[in-house]
Q: 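To start, I am sharing the structure in question, which I have written as structure tokens.
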Amino acid sequence: MSRLQVVSGKGGTGKTTVAAALALALATEGKRTLLVEVEGRQGIAQLFETEALPYEERKIAVAPGGGEVYALAIDPELALLDYLQMFYKLGGAGRALKKLGAIDFATTIAPGLRDVLLTGKACEAVRRKDKSGRFVYDYVVMDAPPTGRITRFLNVNDEVAGLAKIGPIHNQAQAVMRVLKSAETSVHLVTLLEEMPVQETVDGIGELRSARLPVGRIIVNMVRPEVLDAADLELVGTVPRTAVARTLSAAGLGGARRGGNAERLVDPLVAQAGEYAERYTLEHEQRAVLGELDLPLHELPLLAEGMDLAGLYELATELREQGMS
């Protein structure tokens with residue numbers, strides 16, 4: 001597995017949940033993972049049922065086998081202060097710039113600089129080693145922007161091309177790209193078995209490949225269990241309603257007489273089966289579309305009890321069992 005795992009997906013597909021579950025899965029058996037948030041939504045804190053994350057690396061969970069998950073919510077302004085201190089030793093002058101609003105101004109007029117700072121912080125964590133020469137984190141998982149912006153976000157060289165031709169910013173962008181375009185990185189896309197998310201996934205993978213960014217895997221989230229197979233659904237349209245009513249009656253759901261309880265249940269049951277048949281067909285069509293992308297495909301179940309911390313560990317177990325650890 002690559003040491004930098006980038007997770008993106010269309011809004012509403014649960015990419016933050018998948019990123020968090022992946023961080024837990026990768027931290028199994030004593031590994032240490034850093035989960036990075038770049039959008040300022042504090043989604044990671046909500047999932048792990050903890051207080052809002054500061055701009056510092058903080059342990060938020062223990063994985064099975066004693067592994068640890070740390071989290072970091074990157075603040076672009078504070079990241080820029082770090083950058084200015086690192087390269088220009090501004091010290092108190094950097095804090096003065098923040099008070100004057102200069103840092104917010106800089107990251108607003110030069111969005112490419114903002115992306116360099118965000119991706120650069122994650123890449124620094126990937127490369128960081130302790131005094132013994134070992135990597136501080138075995139894996140870094142980034143909860144990245146949505147699919148529609150992911151290629152532009154990661155392709156920081158293009159973003160800063162008109163901003164800096166030489167100097168520290170240019171060098172930082174090149175250092176970031178050396179990590180992002182190497183085997184150290186994998187970009188995973190999260191989708192649902194629905195037309196719009198699948199199409200955005202197809203488009204996103206095309207853009208990533210065009211930019212020569214390393215596409216990893218497709219993760220289908222919130223997959224509903226199959227309660228009827230193709231043969232069952234074929235019967236739905238052919239079995240007479242009277243036969244359905246008799247079966248319901250035999251199951252103790254009312255008499256089969258005209259107007260009886262069983263007969264009144266037939267129409268809503270058949271309608272529900274018809275709706276299920278439409279969804280079944282759509283989901284299988286979308287699986288076929290994803291299959292044509294020639295990438296590893298993983299599926300995570302829709303959790304009946306909703307998403308909580310226990311559910312997050314359950315999804316992490318699913319990912320481990322499917323080989324994503």
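As the structure is a computational prediction, the values presented were derived from the model and not from experiment.
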Q: Look only at the side chain of T33 and the backbone of V69, and say whether a donor-acceptor pair between them is shorter than 3.5 Å.
A: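 No.
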
Q: Between T201 (side chain) and P197 (backbone), is there a donor-acceptor pair under 3.5 Å?
A: yes

Q: Kindly say whether A19 contributes a backbone atom to a donor-acceptor pair with the side chain of D143 at under 3.5 angstrom?
A: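 No, the answer is negative, given that no donor and acceptor are paired below the 3.5 Å cut-off.
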
Q: Side chains of L300 and I219, heavy atoms from C-beta outward: is any pair under 4.5 Å?
A: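 A side-chain contact under 4.5 Å exists here.
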
Q: Under a 4.0 Å threshold between the charged nitrogen and the carboxylate oxygen, would E57 count as salt-bridged to R128?
A: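 Result for this pair is yes, salt bridge flagged.
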
Q: Count the heavy atoms belonging to other residues, nucleotides or ligands that lie under 6.0 Å from CG of D294, then report whether that count exceeds 12.
A: no

Q: Taking A183's backbone N and O only, do any of them form a donor-acceptor pair with S2's side chain (distance below 3.5 Å, no angle check)?
A: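 A pair under 3.5 Å: yes.
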
Q: Nearest 0.5 Å, please: how far is CZ in R209 from CG in L293?
A: 6.5 Å

Q: Mind checking whether L208 and V187 have side chains closer than 4.5 Å, heavy atoms only?
A: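 In short, these two side chains touch, coming nearer than 4.5 Å.
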
Q: Any chance you could measure E314, atom CD, to D308, atom CG, to the nearest 0.5 Å?
A: 9.0 Å

Q: Give every residue pair that meets the ring-ring contact (aromatic ring centres under 6.0 Å, His included) criterion with at least one member in residues 49-71, sequence neighbours excluded.
A: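 Qualifying pairs, neighbours excluded: Y70-Y137.
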
Q: When you check the gap from the basic side-chain N to the acidic O, do R224 and E283 get nearer than 4.0 Å?
A: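 Between E283 and R224 there is a salt bridge, with a charged N closer than 4.0 Å to a carboxylate O.
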
Q: How far apart are the closest heavy atoms of G216 and L295, and which atoms are they?
A: O-CD2, 3.7 Å

Q: Does the side chain of R41 pick up a donor-acceptor pair with the side chain of T16 at under 3.5 Å?
A: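 Judged by distance alone, the side chains do pair up.
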
Q: Tell me which pairs pass ring-ring contact (aromatic ring centres under 6.0 Å, His included) where either residue lies in residues 6-34, with sequence neighbours left out.
A: none

Q: Roughly how far apart are C123 SG and M142 CE, rounded to 0.5 Å?
A: 6.5 Å

Q: Are the side chain of R3 and the backbone N or O of V126 linked by a donor-acceptor pair below 3.5 Å?
A: yes

Q: Return the CE to CG distance between M222 and L192, rounded to the nearest 0.5 Å.
A: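 Going from CE on M222 over to CG on L192, the span is 4.5 Å.
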
Q: Between L315 and T17, is the side chain to side chain contact (heavy atoms under 4.5 Å, CB included) condition met? List the steps.
A: CA-CA 9 Å; L315 294 183; T17 299; 3.8 Å; yes

Q: Taking 4.0 angstrom as the limit, do R287 and E292 come out as a salt bridge?
A: no

Q: Would you call P145 and V38 a side-chain contact if the rule is heavy atoms closer than 4.5 Å?
A: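 With C-beta onward as the side chain, the pair touches.
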
Q: Tell me, do T191 and N221 make a side-chain contact under 4.5 Å, heavy atoms counted?
A: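 No, too far: nothing below the 4.5 Å cut-off.
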
Q: Could you tell me whether a side-chain N or O of K15 sits under 3.5 Å from a main-chain N or O of A144, the two making a donor and an acceptor?
A: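 Indeed, once roles are kept as given, a pair shorter than 3.5 Å links the two residues.
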
Q: Determine the minimum heavy-atom distance between A25 and A316, stating which atoms define it.
A: CB-O, 3.6 Å

Q: Using 4.0 Å as the upper bound for N to carboxylate O, is an ion pair formed by E318 and R320?
A: no

Q: Can you tell me if Q42 uses its side chain to pair, donor with acceptor, with the backbone of L53 under 3.5 Å?
A: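 Yes; at least one donor-acceptor contact below 3.5 Å.
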
Q: Indicate yes or no for a side-chain donor-acceptor contact from Q5 to the backbone of L22 under 3.5 Å, with no hydrogens or angles considered.
A: no

Q: Side chains of E321 and H298: any donor to acceptor distance under 3.5 Å?
A: no

Q: Verify, without hydrogens or angle tests, whether T147 (side chain) and G204 (backbone) share a donor-acceptor contact under 3.5 angstrom.
A: no

Q: For the backbone of A63 and the side chain of E68, can you confirm whether one donor and one acceptor N or O come within less than 3.5 Å of each other?
A: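 It does not hold such a pair.
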
